[in-house]
Amino acid sequence: MMFWRDGGASGSRREVNGGPPCGQVRVLVVGDSGVGKTSLMHLLLKGSAISRPAQTIGCAVDVKHITYGSPGSSSNVIKGDAERNFFVELWDVSGHDRYRDCRSLFYSQINGVIFVYDLSQRKTKTNLSKWAVEVAESGTFSAPLGSGGPGGLPVPYLVIANKVDIAPRDGRRVSSGNLVDVARQWVEKQGLLPSSEELPLVESFPGNSGLLTAAKDARYDKEALAKFFRMLIRRRYFSNELPAPSPWSLTPREDTILPVETVNDEELFKRKSYGGQRYKYNGVVPLPAQRNLTPPLTLYPQQPMSSSSENYRYHRLNLSRTYAIRSSSVGGRTGLCLVHCSQCKPLSCKCKLGWSSQPPPDSRQHFRPCSSASEAVLTAQSDIRKLFVANEKIGVLLLNLGGPETLDDVQPFLFNLFADPDIIRLPRAFRFLQKPLAQFISVARAPKSKEGYASIGGGSPLRQITDAQGEALMEALCGKDVPAKVYVGMRYWHPFTEEAIEQIKRDGITKLVVLPLYPQFSISTSGSSLRLLESIFREDEYLVNMQHTVIPSWYQREGYINAMATLIEKELFKFPKPQKVMIFFSAHGVPLAYVEEAGDPYKAEMEECVELIMEELEKRGMTNPCTLAYQSRVGPVEWLKPYTDETIIALGERGVKSLLAVPISFVSEHIETLEEIDVEYKELALQSGIKHWGRVPALGCEPTFISDLADAVIESLPYVGAMAVSNLEARQSLVPLGSVEELLAAYDSKRDMLPPPVIVWEWGWTKSAETWNGRAAMLAVLALLVLEVTTGHGLLHQWGILPPLP
Ligand SMILES: C=CC1=C(C)c2cc3[nH]c(cc4nc(cc5[nH]c(cc1n2)c(C)c5CCC(=O)O)C(CCC(=O)O)=C4C)c(C)c3C=C
Ligand SMILES: [Fe+2]
């Protein structure tokens, strides 16, 4: 065994001669922050060291290409001796504490795990047990093993001890100074025991040293890693053809490490690196589920492809070179991005683009076929995306909240909102009260809400704006050679999600991208819409078989961040002294328990979003101070703090004179911008001593924003096609919704009960009085409801809200 420098750069230029990718395995790379995971990934992919890697945000994903089944190597030979290409997805999960609560979102459909620790930091090794438990408990696994490994981990793993270059020579481990350690070192020096960490002295994980690497010096055991990856491929794709591999990990020992640069990498590791292109996920996982089901036939790179030639959609296109998935945005922090390598040869395939159905009668739905796109010749320049639109009917479903269009709509709209268990989740025993409670609250809240809607013109502008955004998105997609039809599905008012889905079915959409119009994910917004979608999909034969993917949040996209920064910049310069203005981000709040108990990533995503916008402004030379606060709280429970109103007062007291309000959680004007911010908060600010007030408009149809949404859709297309399960049994045991299901499952696995009901009226004089009054009211309402239900008498029965007792 040996160390050597990886010739990755040159390797990446070689042709992949085994044809198109046959499948992919997903490998998590975990370990404490700072152990060098990112450097290691760089080394694996690029074959070179990286001097100062940026801290990973959320999760960074790299794709490594390896061949399996080299004719000459018996260990790799598979049926027919053919060489086949596979992708190894390396998910480099941030070890930073701030991601602890949302990390599990990346633990899906795992084939293997690489644990990394820092040889010079003993604690990072002991912590691996925690990592194992975390992954084992919250992950889902593809091709799992029968028995559990460390922490119950059911897939093969590899342990890498990094920073061998700076760790002490003696046994390459650091003494913490405790007696056990000292004793072990003494015993080893005497030659009484082999130099191994299989000794009971280290709080051992997982019982051996695994591989030693020095990512900084580009030293690692390439062969061992290649074996590990091939083992995962074999387990996932060829377990029927070969005897089962040994279940547990490759465990090379430190005495297998030899000097660098001694072996021809081509002989040992037939892999083609894609030059370390990377993409990053900062938020939730937008990848479709696999769940060990028969794979769909069309997808790259998530889905394995069967070897039958008809399933090799890209075979004849000679996609042999390099296209990779990488980050395309702010400091490399974006969602998905499909890129193709500059060295790609032109592709030579004809395919049909566009589809020719007539615009539907419903004018709310947006479809205009691209006349120019009837047929096109694909070239490398014309982009991979065309592969995904050929002969497909692509649909984009925009999910939004919806709003009452007239004052008469207000109460039924509020009923729909409060009847949603993702807004009010009652304890299981009280679920039957959901609708009566929603009725009760909506009737109680309606007068106050109506006042608000009356003051902004008698209804919500949301539908109009969302429709316009849909139109603009469709045009932008068309302009990017991706003819697609855009649908709007609202959660609580027309056009309801169900209506949009009916239209999608009528139009015969074959590939659907689901795009919630909330930049940041919250259980109460995107989560609720996706849950509804999940239940609709589950019941419907057509939808079960329709390929789809979800873009769960997109606050970190470069286009969005830039568009926000541009709007802010423009408003700043309307102030007499722009540099003195406090930028005041005001986000819609959620009850605190959503974040703290139910694991809602909303707050973390919001904070990161603000950071990214401020970074962008800084790059443009604006170094204004900023604040983030949460608005629009309703009901008796505690919401995310600081509250917008209290913060405005505090800023006034601190002597802030110029405030620029930036609504950050929503991309349309709505009641909370037009009424709450523009009227209530402005008045409060002026009363609090703030002299100059401004407000950044919502993005609406701002062209760079819409163009970026179109890019997000295009980039997600390779991920369309998660699960198409027609098998009834599988349908019942698994929610056949690919990424929607995956996404929700990830949340559900972490999430406890949502907080108790939100009662939405107020009395008392202050907001905190409202909280306590509300809590008392909530208890009273519940007691009354229970009384009514058990006795069969009361107001709800009189109003016909509850049926009479039999
Ligand atoms: C990211 C945005 C939003 C989050 C998070 C959110 C959570 C949330 N909202 C309520 C209660 C109400 N929301 C209402 C309207 C409303 N809310 C949002 C956005 C988010 N809500 C929008 C865009 C709208 C529509 C505005 C419009 O123009 O029509 C309302 C009705 C309006 C009112 O009476 O104030 C209520 C009530 C809760 C309880 C909640 C989290 C649990
Ligand atoms: Fe809301």
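Ligands are counted one by one from 1 in listed order, and the atoms in each one are counted from 1 as well. When a residue number appears, it is its place in the shown sequence, counting from 1.
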Contact (N/O only, under 3.5 Å) between [X] and ligand 1:
X      : result
Ile671 : yes
Tyr453 : yes
Thr525 : no
Ser449 : yes
Tyr518 : no

Provide the number and element of each atom of ligand 1 under 4.0 Å from a heavy atom of [X].
X      : answer
Phe418 : 37 (C)
Ser460 : 27 (C), 28 (O), 29 (O)
Ser665 : 1 (C)

Test side-chain hydrogen bond (donor to acceptor under 3.5 Å, both in side chains) on His494 and Glu405; report intermediate values, then the result. CA-CA 9 Å; His494 298 280; Glu405 289 165 80; over 6 Å; no
Which is it for Thr566 and Arg620 under the side-chain hydrogen bond (donor to acceptor under 3.5 Å, both in side chains) test, yes or no, and what are the steps along the way? CA-CA 10 Å; Thr566 303; Arg620 300 182 188 189; 3.1 Å; yes
Taking the six-membered ring for Trp, are Trp554 and Tyr560 closer than 6.0 Å centroid to centroid? yes
Close aromatic pair by centroid cut-off 6.0 Å: Tyr518 and Phe666: yes
Check whether any heavy atom of Trp639 sits under 4.0 Å from an atom of ligand 1. yes
Atom pair CG (Leu401) and CG (Leu417), whose distance is rounded to the nearest 0.5 Å: 6.0 Å
Side-chain donor-acceptor contact under 3.5 Å, Thr704 with Glu702: yes
